[in-house]
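Counting convention: from 1, in listed order, for ligands and their atoms alike. Just so we're clear, the structure is a prediction, and the values are computed from it rather than from any experiment.
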Amino acid sequence: MAIIELKEVNKVFRTDEVETQALENVNISIAKGEFVSIMGPSGCGKSTLLNIIGLLDTPTSGTVTINGTMAANMKDSAMAAFRNAKLGFVFQSFHLINSLNVLDNVELPLLYRHGLSGSERTARAKEVLERVGLSHRMYHRPSQLSGGQCQRVAIARALAGNPEIILADEPTGNLDSRMGAEVMQLLGELNSQDGRTIVMVTHNDDQAALTDRIIRLYDGRQVM
Ligand SMILES: Nc1ncnc2c1ncn2[C@@H]1O[C@H](COP(=O)(O)OP(=O)(O)O)[C@@H](O)[C@H]1O
Ligand SMILES: [Mg+2]
């Protein structure tokens, strides 16, 4: 069964003057455990697609089904709970909080989890920092780390909630090729060793070639 299914998805952004069809009739089915990349030129709808897959945005028409449940049938509270429990997000620009150390950054999303004590949160954050190879940096501030390390912290933060699905929007876009390769290696392991489903937007052909499948967009449409 597909873990994520989009059927006939359209997304139109309307402002006073312009109407942009960001996605046109997109049909996608992603199986549990797949590592999929989304490619295409700037402005073709990649981030819009990832946001719809991640329930951060809704389609203008069409359906999104995650784990067998149609998103449109979920209450906002159920949707938020689902997003919190099942999805982990990684962005190009890390979105770390500089006034907090690495450990606190990773613990932060766990504050919204019910039933976790402070010591359980810390233990969980330490565990995922170990997983991304950054235990030795947990009391540093993000500004004291390299870009690649910052992205690994952001990945640890996404992992803290133990998500089934990781959604990454150009996760190596701000990194040099060596650091980008490190982050790709980590994502690859999270997929192949830990069995997490990953959907990643990338501009990098070599990185996309490492994934199971490439979805290509052009002007909001899927192309072969
Ligand atoms: N919130 C928004 N309001 C209006 N237009 C938007 C909005 N978000 C994206 N767009 C437009 O939709 C198209 C697709 O954008 P996006 O999904 O960000 O592309 P990509 O990630 O492939 O660069 C672009 O033309 C963009 O300008
Ligand atoms: Mg984008």
Side-chain angles (χ1 to χ4, degrees), residues 3-30 34-66 71-72 76 79-80 83 87-96 147-148 150-155 157-158 163 165-177 179-181 183-184 186-188 190-191 196-224:
I3 196 168
I4 303 167
E5 193 156 40
L6 272 61
K7 283 204 177 134
E8 317 257 315
V9 162
N10 286 276
K11 179 68 179 180
V12 180
F13 291 109
R14 285 191 185 88
T15 62
D16 289 344
E17 265 108 65
V18 279
E19 189 175 283
T20 307
Q21 175 118 28
L23 295 173
E24 194 176 333
N25 204 20
V26 170
N27 291 286
I28 290 174
S29 181
I30 295 170
E34 256 194 312
F35 190 170
V36 175
S37 42
I38 299 173
M39 299 195 80
S42 184
C44 71
K46 303 181 297 298
S47 294
T48 302
L49 177 59
L50 202 70
N51 289 343
I52 287 176
I53 289 173
L55 309 177
L56 295 171
D57 201 352
T58 52
T60 308
S61 66
T63 60
V64 181
T65 306
I66 308 260
D76 284 353
M79 191 110 94
R83 201 163 47 220
L87 305 177
F89 295 91
V90 177
F91 302 95
Q92 178 172 3
S93 52
F94 322 139
H95 294 320
L96 299 175
C150 282
Q151 194 57 296
R152 279 152 59 202
V153 174
I155 291 171
R157 182 185 52 193
I165 306 169
I166 296 175
L167 302 170
D169 197 348
E170 301 192 43
T172 66
N174 280 345
L175 304 178
D176 66 30
S177 57
M179 290 185 198
V183 164
M184 271 310 288
L186 176 59
L187 289 173
L190 295 176
N191 172 252
R196 294 180 209 272
T197 306
I198 304 185
V199 184
M200 173 185 75
V201 173
T202 181
H203 280 295
N204 185 308
D205 289 303
D206 296 336
Q207 291 178 359
L210 297 171
T211 67
D212 297 325
R213 183 153 64 94
I214 303 175
I215 294 169
R216 292 181 195 278
L217 291 181
Y218 192 84
D219 270 355
R221 284 188 291 266
Q222 278 166 282
V223 290
M224 286 304 126

Metal check, the Mg ion (ligand 2) vs Gln92 N/O/S, cut-off below 2.8 Å
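Not a single backbone or side-chain N, O or S atom of Gln92 is under 2.8 Å from the Mg ion (ligand 2).
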Restricting to non-hydrogen atoms, name the atom on [X] and the atom on [Y] that form the minimum distance, rounded to 0.1 Å.
X: Leu87; Y: Gly54; result: CD1-O, 3.4 Å
X: Thr172; Y: Gly180; result: CG2-O, 3.6 Å
X: Leu217; Y: Pro41; result: O-CD, 3.6 Å
X: Leu55; Y: Ile66; result: CD2-CG1, 4.1 Å

Taking side chain as C-beta onward, heavy atoms only, is Met39 less than 4.5 Å from Gln207?
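Side-chain contact under 4.5 Å: no.
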Side-chain heavy atoms of Arg83 within contact of Leu56, under 4.5 Å
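Yes - at least one pair of side-chain heavy atoms lies under 4.5 Å apart.
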Take atom 26 (C) of ligand 1 and look for protein heavy atoms under 4.0 Å from it; say yes if you find one, no if not.
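Protein heavy atoms within 4.0 Å of atom 26 (C) of ligand 1 - there are none.
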Is it true that Gly40 lies under 4.0 Å from ligand 1, counting heavy atoms only?
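It does not, in that no heavy atom of Gly40 comes within the 4.0 Å cut-off of ligand 1.
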[X] N/O to ligand 1 N/O under 3.5 Å:
X: Gly45; value: yes
X: Thr15; value: no
X: Gly43; value: yes

How far is [atom] from its nearest protein heavy atom, and which residue and atom is that?
atom: atom 18 (O) of ligand 1; value: Ser47 CB, 3.8 Å
atom: atom 12 (O) of ligand 1; value: Ala22 CB, 3.5 Å
atom: atom 9 (C) of ligand 1; value: Phe13 CE1, 3.4 Å

Donor-acceptor contact below 3.5 Å, side chain Gln222 vs main chain Asn27
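Yes: the side chain of Gln222 pairs with the backbone of Asn27.
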N/O donor-acceptor pair under 3.5 Å between Arg157 side chain and His95 backbone
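Yes; judged by distance alone, with no hydrogens or angles, the pair exists.
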Go through ligand 1 atom by atom and flag the ones less than 4.0 Å from a non-hydrogen atom of Ser42.
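So the answer, numbered in order with elements, is 23 (O).
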Which bit of Thr48 is near ligand 1, meaning a heavy atom under 4.0 Å away: side chain, backbone, both or neither?
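Contact part for Thr48 vs ligand 1: both backbone and side chain.
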